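The block underneath contains the structure these notes are about, expressed in structure tokens.
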Amino acid sequence: MCLLLHFSCAGKKVLPSPTPFQDECLQGLSFDSREDEFLADSLKIGEKLRQNFDLKIIDMAIALNMVTDLENYLDDDKERLERLELKTRMIAKIMKMNLELHSLMSAIDCEEEKSDQIASYLEKALRKKERNLTVAAIITGAVVGVSAGIILASDNPQNDWAEYIGIAGGLTEVFLGLSILKLDRKVIIRHPKNILRDVYIAEERPIYFPPSTWYYFNSKKHSQQRISLKEQLVERWDTYNLTDEGMALLLSDGGTYSPDLLKNRSEMLDQLESQLSLISKDLLYFINHLQKLY
């Protein structure tokens, strides 16, 4: 009985996180507000830019705060040295935005990896508990079989112990089987800076999101379908068909996570990172067109 209690009852169902979840992932990511600059740049778009570039290029120029520089670069009266200085300044802005973008993607990848690691940690704890219960069931079956055999071998027709032991052993094995089916392990995770919530719900830019990236991520101007990268992502997230309780936890400051919900969180973070990586592709498209000028 002591062995049975040890195997079936030992261990907590809700565990503390084995590692800090957010300490280093978003550390150092903080950007000043530049939303007014994007509005000002969007109002500066002249006919010359519209004649020379498509909407994707123009919207990226707004994100880079480069509208004035790009228009000056198209000025035929500019000296070669002036044009070179302009081009150098524009490339520096492109590199800055690219570094900011990849620093954010690294932070998202950090959280994604932690979600995967903690999910694996919980699954290992579940497998260990399942193995222990299986061993207990095997031992119980063996003990019952041997005990019943010994009693029957004594050839005492008045002895009912074999039946009693058989019934007790059967009930014990049923209990252990049900315990295996009901196995559960959860972990408490805290994420007060919730990237998923800030992307899914927030209208204002989170402080750790680079302004240029946030602008381009939310802009519809560069899309032929007039749907932003953010809206495309949220639409995919809505197809997850999570329960209201599960979605509420994913968009909260944290709580009690199961392995499956941690994997859902990891997959959503991976999709966010992939969506942001499309901005790198558009940056490359922009710089390729810039290199073709003069």
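Only a predicted model underlies this, so the values are computations on that prediction, with no experimental measurement involved.
Every pair passing disulfide bond (SG atoms under 2.5 Å apart) that includes a residue from residues 83-121 is listed here, sequence neighbours excluded: C25-C110.
Salt-bridge annotation for D253 and R190: absent, with no side-chain N of the basic residue lying under 4.0 Å from a carboxylate O of the acidic one. Under the 4.0 Å criterion applied to side-chain N and carboxylate O atoms, K48 and D75 are not assigned as salt-bridge partners.
Taking both residues in full, the closest heavy atoms of S103 and F31 are given as OG-CZ, 4.3 Å, listed atom of the first, atom of the second, then distance. When all heavy atoms are compared, the tightest approach of W237 to M268 is CZ2-O, 3.4 Å. When all heavy atoms are compared, the tightest approach of I58 to L49 is CD1-O, 3.9 Å. Residues N194 and L251 share a closest heavy-atom pair of ND2-C, 3.4 Å. Between R265 and L250, the closest heavy-atom pair is NH1-O, 3.2 Å. Contact between I227 and Q232 at its shortest, heavy atoms only, is O-NE2, 3.5 Å.
In terms of the side chain to side chain donor-acceptor pair (under 3.5 Å) criterion, D270 has no residue partners (sequence neighbours excluded). Taking the side chain to side chain donor-acceptor pair (under 3.5 Å) definition, one finds that R50 meets it with nothing, sequence neighbours left out.
By the neighbour-count criterion of 12 heavy atoms within 6.0 Å, atom NZ of K220 is sparsely surrounded, having that number or fewer from other residues, nucleotides or ligands. Other residues, nucleotides and ligands contribute over 12 non-hydrogen atoms within 6.0 Å of the CZ atom of R226.
Ring centers of Y216 and H222: under 6.0 Å apart, within the cut-off.
A donor-acceptor pair shorter than 3.5 Å cannot be found between the side chains of N65 and Y215.
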- [ ] Could you check S219 against D59 for side chain to side chain donor-acceptor pair (under 3.5 Å), going step by step and ending with a plain yes or no?
- [x] CA-CA 8 Å; S219 178; D59 206 30; 2.6 Å; yes
